[in-house]
There are 2 protein chains.
Amino acid sequence: MSQFIRLTMDDIARLANVSKTTASLVLNGRSAEYRIAESTKERVLAIAREHHFQPSQSAKTLRSRKSGTLGLLVPELSNFAHASLAQALEPLCREAGYQLLVMSSNEQASMETAGIEHLLTRQVDGLIVVPCSSDATQYLKWSLRLPLVFVDRHIKDCPIPFVVTDAIDAVTSLVVQAIAAGSREVVYFGGQADLSPSQDRLAGYRKGLELSGMTEQEHWVWQRDYLRPSGYSMMAECYERLGHYPDSLFTGSLTLLEGALAYINEKQNGSPAHLMTFDDHNLLNCLPWGIQSVVQDSQRLASESLVRVLKLMQGETVDSAWISASLHQRP
Amino acid sequence: MSQFIRLTMDDIARLANVSKTTASLVLNGRSAEYRIAESTKERVLAIAREHHFQPSQSAKTLRSRKSGTLGLLVPELSNFAHASLAQALEPLCREAGYQLLVMSSNEQASMETAGIEHLLTRQVDGLIVVPCSSDATQYLKWSLRLPLVFVDRHIKDCPIPFVVTDAIDAVTSLVVQAIAAGSREVVYFGGQADLSPSQDRLAGYRKGLELSGMTEQEHWVWQRDYLRPSGYSMMAECYERLGHYPDSLFTGSLTLLEGALAYINEKQNGSPAHLMTFDDHNLLNCLPWGIQSVVQDSQRLASESLVRVLKLMQGETVDSAWISASLHQRP
DNA sequence: TTGTAAGCGTTATCAG
DNA sequence: CTGATAACGCTTACAA
């Protein structure tokens, strides 16, 4: 492709009648530091502007051994929570002088592995991952090779720092509220039981029951995965088991809620009085039920995880963080 | 950061007792081509595997003048349509041997400019953009510097190839259906009138009216932007002007629909009998109205735009494409 | 205040 | 079949 040509710093230097060094110094804003003559500086800058000079990032990276990129690996970009995270993280990275590389693992451990290896090849300076496996050893190996932070999910007993939503408290208060409002039967639909968010959400649910002096009954807790059809089938089976809809239903994700509502709409045989879900979406405002939802703070999830990779990159050690969520209450 | 070390190809070569050249050949799968001894090959590969050798992408890029990356610039990652596009594009790029760099412009022309310049610095080999300005000259300049394809939106009279949804036909049939079902008043809410998708959607609406022998009345077409509050205010003003809800309402985006529904839910004074919207979401299944929606084919939008940048990168000229959308009908 | 020269890790050319 | 050696475009001691 010679159709698209680029000028190099050498070219700029030649055109401005200075050496590579001078050009480099000026173009990197270090002219003051080296007391480059104002006139020289202006000349170089003018030429550079005029010719749309773009320094080669690869040469910089090669020389400086820093790529100026950070990687973000999420299971699904079409998952609203993860998309919001990427959306929030991208400008923050740019401000911090880094380019964000976003990849998705499609919720498959194998693709995740490939993705991380790929990002390593690309020499990302740091990595933020929403892990989709719970195999700590694998991640530990990577964490020896580059700064690694988990976000949204963490792995039990794994020393890699993480930034996750404090689901427990949020879910607890939701459950407590529902019971205070008169619910006597509170059912929980969740996803993969081995994922940390699932565990946290379930723990929150159980704590809510406990605080309200209620004892968990058989067929109150259902766990499968976060796919829509699972929401549908759990609702179907739950209805069949109980013989009616529970007073209250908490779903661990929007997709599960969608599945459950699909069943409810299809059967037209009633519905739970209280609906609660993890994660929020504006369309929830438009539903005929007043759904209570837990809103994750993707802005803070993003900034806190960025701060942590940046610190790791400077050799500091960092702690993990629980980001509190807020509730979106609907009448 | 000496904490995280990497082996270079030189190291591998030394450990395997071969030269850089041989190591390079083997590691790039060109051993057959150069008839490298099987034993040598195995030795090199074994060492490389054992030491987790990661070739430096920057060195490769520098030498080969190809970065192996493609850029995707979207206005908003939290917009479902754009997120789906990114999600669909990313694996395709990887299959094609490219790493996708996703950036978002926040729907601001200035950020878009900065983003493109940034990607140029990163030496992306090609660029796929959802343009957020309609200034053709600017984009034309860039298209001289690297292969550029528009997706989702195009710019009138701009020779840059684009891949967009064929909104006209889809919207037309939606409108025709609504009228066939008895609607006598069909209102249109749209976003920025200067964006091509807006124009197409409006054109589809008008064609639908025309085909049904209906004449557009005053206060039937409302255009502002695609933000949620605009949907709310257009609904409010429309209701006030007409004195009632129209039989049918078409919204140009989910956000506008959300806004309109927020008004409707808040006032509890009725609602349009037919609701239609551009773009689809699973939560639409859960609404108490049977909303008809236009489903964009993000998979094809992604693959067709990728094909086009790849062709441009090989110096071929390419045409634009309209991707047909499907309808998601709900009872 | 500016220039010279030595790499960074690869790939490519050309000899053995 | 394998090995020197020269770029690629940039940064940075070290000179001048």
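In what follows, every heavy atom counts, from backbone to side chain, and hydrogens, waters and symmetry copies are set aside.
Between F162(B) and W322(B), the angle of the ring planes goes over 60°, which puts this pair in the perpendicular group of the 30/60° scheme. Relative ring orientation between F150(A) and Y139(A) is described as perpendicular, the plane-to-plane angle rising above 60° on a 0-90° scale split at 30° and 60°.
Rounded to an integer number of Å, the gap from CZ of R30(A) to C1' of dT2(C) is 14 Å. Rounded to an integer number of Å, the gap from L7(B) CG to dG9(C) P is 11 Å. Rounding to whole angstrom units, CG of residue L15(B) and C1' of dG9(C) are separated by 16 Å. If you take CG of L27(B) and P of dG9(C), they are 15 Å apart, rounded to a whole angstrom. With rounding to whole Å, L62(B) atom CG is found 13 Å from dT11(D) atom C1'. Taking atom CD of E38(B) as the reference point, atom P of dC1(D) lies 10 Å away to the nearest angstrom. What separates OH of Y34(B) from C1' of dC14(C) is a distance of 11 Å, to the nearest Å.
Between dC8(C) and R65(A), no contact under 4.0 Å exists linking OP1 or OP2 to a side-chain N or O. For the OP1/OP2 pair of dT2(D) and a distance below 4.0 Å, the side-chain nitrogens and oxygens of T40(B) include at least one atom meeting the criterion. Between S24(B) and dT11(C) there is a side-chain polar atom (N or O) within less than 4.0 angstrom of OP1 or OP2.
With 3.5 Å as the limit, one finds no donor-acceptor pair spanning the side chains of D135(B) and S133(B). Side-chain atoms of S78(B) and E76(B) form a donor-acceptor pair, as typed in the model, at a separation below 3.5 Å. Using modelled atom types and a 3.5 Å distance limit, the side chains of T165(B) and Q296(B) yield a donor-acceptor pair. Under 3.5 Å, the side chains of E117(B) and Q54(A) contain a donor-acceptor pair of N or O atoms.
W142(B) has its ring centre no less than 6.0 Å from the ring centre of H52(A).
The residue among K41(B) and N28(A) whose nearest nucleotide of DNA chain D is located toward the 5' end is K41(B).
Residues from residues 51-60 of chain B that place a heavy atom under 4.0 Å from any atom of DNA chain C, listed by number: F53(B), Q54(B), P55(B), S56(B), A59(B), K60(B).
In this structure, of dT10(C), dT2(D), dT2(C), it is dT2(C) that holds the atom nearest to the side chain of A37(A).
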Tabulate atom names and distances for all N/O pairs under 3.5 angstrom spanning the protein and nucleotides 3-7 of chain C.
from   : atom 1 : to     : atom 2 : distance (Å)
dG3(C) : OP2    : S19(A) : N      : 2.6
dG3(C) : OP2    : S19(A) : OG     : 3.1
dG3(C) : OP2    : T22(A) : OG1    : 2.9
dT4(C) : O4     : T21(A) : OG1    : 2.3
dG7(C) : N2     : R63(A) : NE     : 3.3
dG7(C) : N2     : R63(A) : NH1    : 3.0

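Tested against S303(B) for a side chain to side chain contact (heavy atoms under 4.5 Å, CB included), the candidates L92(B), D297(B), L89(B) yield a single pass: L92(B).
Atom-to-atom distance recorded for T22(B):OG1 and L27(B):CG is 10.5 Å, nearest 0.5 angstrom.
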